[in-house]
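Here is how names work: the chains are called A, B, and so on, in the same order as the sequence lines, proteins then strands, and each is numbered from 1.
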Protein chains: 2
Amino acid sequence: MSAQFEKNDKIKFSEDEVLRQIEQAILDHRLAPGTKLKEVQLADLFGVKRGMIRKVLTRLAHSRLVDQMPNRGATVARPSVKEGQDLFATRRVIESAVLQNLVTHIDHRGIAHLRKMLRREQKAYQRGDSATALTLSVDFHRELAALAGNSVLEEYLHDIIRRTPLVILTHLGDDEQNRCRNQEHEAIIDALEKHDLKTATRVMQQHLLHIESKIQHKPEKPQADLATLLRRQPEAVQA
Amino acid sequence: MSAQFEKNDKIKFSEDEVLRQIEQAILDHRLAPGTKLKEVQLADLFGVKRGMIRKVLTRLAHSRLVDQMPNRGATVARPSVKEGQDLFATRRVIESAVLQNLVTHIDHRGIAHLRKMLRREQKAYQRGDSATALTLSVDFHRELAALAGNSVLEEYLHDIIRRTPLVILTHLGDDEQNRCRNQEHEAIIDALEKHDLKTATRVMQQHLLHIESKIQHKPEKPQADLATLLRRQPEAVQA
DNA sequence: TGATAAAATATTGTTAACAATTTTATTATC
DNA sequence: GATAATAAAATTGTTAACAATATTTTATCA
């Protein structure tokens, strides 16, 4: 009468919190592409009702992080190589447009803000905290889009950024190749400050092509059980 | 014991069909921005269960055609002027990228296909069937994206095209100004055939700016009841 | 009359039980 | 032992009843 109750012996999570945790588990590579996501199992795991898991899975399916098949449930999505290429190509288009907006709209305050973000990112690298560095690196791109002031472009870039890690994982593996080189971030800020669109765009294209060029097929990894994989490793938590 | 049962005296619709009908009612301007969408009313109207309406409303909210507020239900979305501008600006970015892809990838078969679509569009205009002409005009843009072969770009353009009529309705009204001029469609095909990216892009930009320039604020219209508005007018059906 | 509070109604949100379907296990047959 | 049919279990899908919240109506008082 004890063991079977342990699973519910925890705080109840909100829908957004459950979404965030599952999404993070996917993006942290703890849930491999193709992994079955069973509703009751997840519901018990988080101590919530099945209906909520259902809604969460639908939301995740919408952002293409999971696949849903009628009557056959949800699995972690396995994006094709082609989808990955299209995603990267579109990202180059979006980020170019962002820069084009920025080069006319940005002011000293914006530049200063970007430099502050860059410094935090560099410090994280220097102290070897690559998890934080990666987060901050992504935030840099997001912040560029936010400063550009076009909500639709921003929305699309968020969508792409959300989907990208899964593509990389699926076809490149967990090889730590997928992070930004922050010298390029610095070069982009410098160019923006001088209102030099051409240089900013060129550096950005290099920057993105650098990752894109590495996508290629890779065999699947063995898989542990769902509960273990959802449990986040302490050392991976960002500072 | 008769009148109150009439409402259910019809075929049961599938979820996709219900979604399609409500979306069409919004895009046809039969449901004005801000209109409350009550779950039981819609469920009775379509002869389906409330849970299905619930799912449909969530899907519509996701594509920003309806707003959902916790505990306060769903309404037809009222996009801001800013959102409309951002949508159009992004559309120009996406369509430019589509042309850039097309100008290198397109072959004679593709060109022939586009010309066939253009002829159908022109014929619809000539016989005064503006509803069909509008549909075909939109299809032309969609087809460009499909031929470009980037699924993400295509997806985003679909999203923008889906959201655009509501923006135009909200801020411009039902003034019939919002259709493409198909001479420009022809010019785009001509330029693509000659692999002339510069001309194709220039015409496309004009084409899109033509509509974009007309967005401005406009007072609200009076509103009939939901059941009437959902019932589609026969003459509006496409040929 | 106009404002405020309370009650009644309407609407959205959640849940547990059930139904339908798929998946796994078992049995039967060759 | 392999294969196919059958039964059992697991899983997803749906629904009706209930709970929570918001809105409208009515009642009360200044």
message: Strictly below 4.0 Å: does B:Arg72 bring a side-chain N or O up to OP1 or OP2 of D:dT23?
response: yes

message: Looking at C:dG13, I'd like to know if its phosphate oxygens (OP1 or OP2) sit under 4.0 Å from a side-chain N or O belonging to A:Lys55.
response: no

- prompt: OP1, OP2 of C:dT15 versus side-chain N and O of A:Lys49: anything below 4.0 Å?
  reply: no

B:Glu39 side-chain proximity, nearest of C:dT12, D:dT23, C:dT23: C:dT12

task: Grab the CD-P distance between A:Glu15 and C:dT15 for me, whole Å please.
output: 11 Å

query: Quick one: the side chain of B:Arg50 and the base of C:dG13, do they pair up donor-acceptor inside 3.5 Å?
result: yes

query: Between C:dT12 atom P and B:Gln68 atom CD, what is the distance in whole Å?
result: 10 Å

message: Strictly below 4.0 Å: does B:Lys36 bring a side-chain N or O up to OP1 or OP2 of C:dT11?
response: no

field: Among C:dT11, D:dG13, C:dT14, the nucleotide that comes nearest once only the side chain of B:Arg54 is considered
entry: C:dT14

task: Could you tell me the separation between the CD1 atom of A:Ile53 and the P atom of D:dG13, rounded to a whole number of Å?
output: 14 Å

field: Atom pair distance, as rounded to whole Å: CG in A:Leu42 and P in D:dA10
entry: 17 Å

task: Measure from CZ on B:Phe13 to P on D:dT14 and round the result to the nearest Å.
output: 18 Å

field: Worked check of salt bridge (Lys or Arg N to Asp or Glu O under 4.0 Å) between B:Glu15 and B:Arg59
entry: CA-CA 10 Å; B:Glu15 183 176 320; B:Arg59 285 170 67 183; 3.0 Å; yes

message: In whole Å, I'd like the distance from the CE atom of A:Met52 to the C1' atom of C:dT14.
response: 12 Å

message: So does B:Arg30 get a backbone contact from the side chain of B:Asp28, meaning a donor-acceptor N/O pair under 3.5 Å?
response: no

task: Identify the residue among A:Ile160, A:Asp159, A:Leu157 that makes a side chain to side chain contact (heavy atoms under 4.5 Å, CB included) with A:Thr90.
output: A:Ile160

- line: A:Leu37 atom CG is separated from D:dT12 atom C1', nearest whole Å, by 14 Å

message: Counting the atoms with a prime plus P, OP1 and OP2 as sugar-phosphate, which does B:Gly51 contact under 4.0 Å by heavy atoms, base, sugar-phosphate, or nothing?
response: nothing

field: Note: A:Glu155-B:Arg64 ion pair, threshold 4.0 Å (strictly below)
entry: yes

statement: The answer to which of B:Val40 and A:Asn71 contacts DNA chain C further toward the 5' end, by nearest nucleotide, is B:Val40

message: Between B:Glu17 and B:Arg20, does any NZ, NE, NH1 or NH2 come within less than 4.0 Å of an OD or OE carboxylate oxygen?
response: yes

task: Can you tell me the distance, in whole Å, between the CG atom of B:Leu57 and the C1' atom of C:dG13?
output: 14 Å

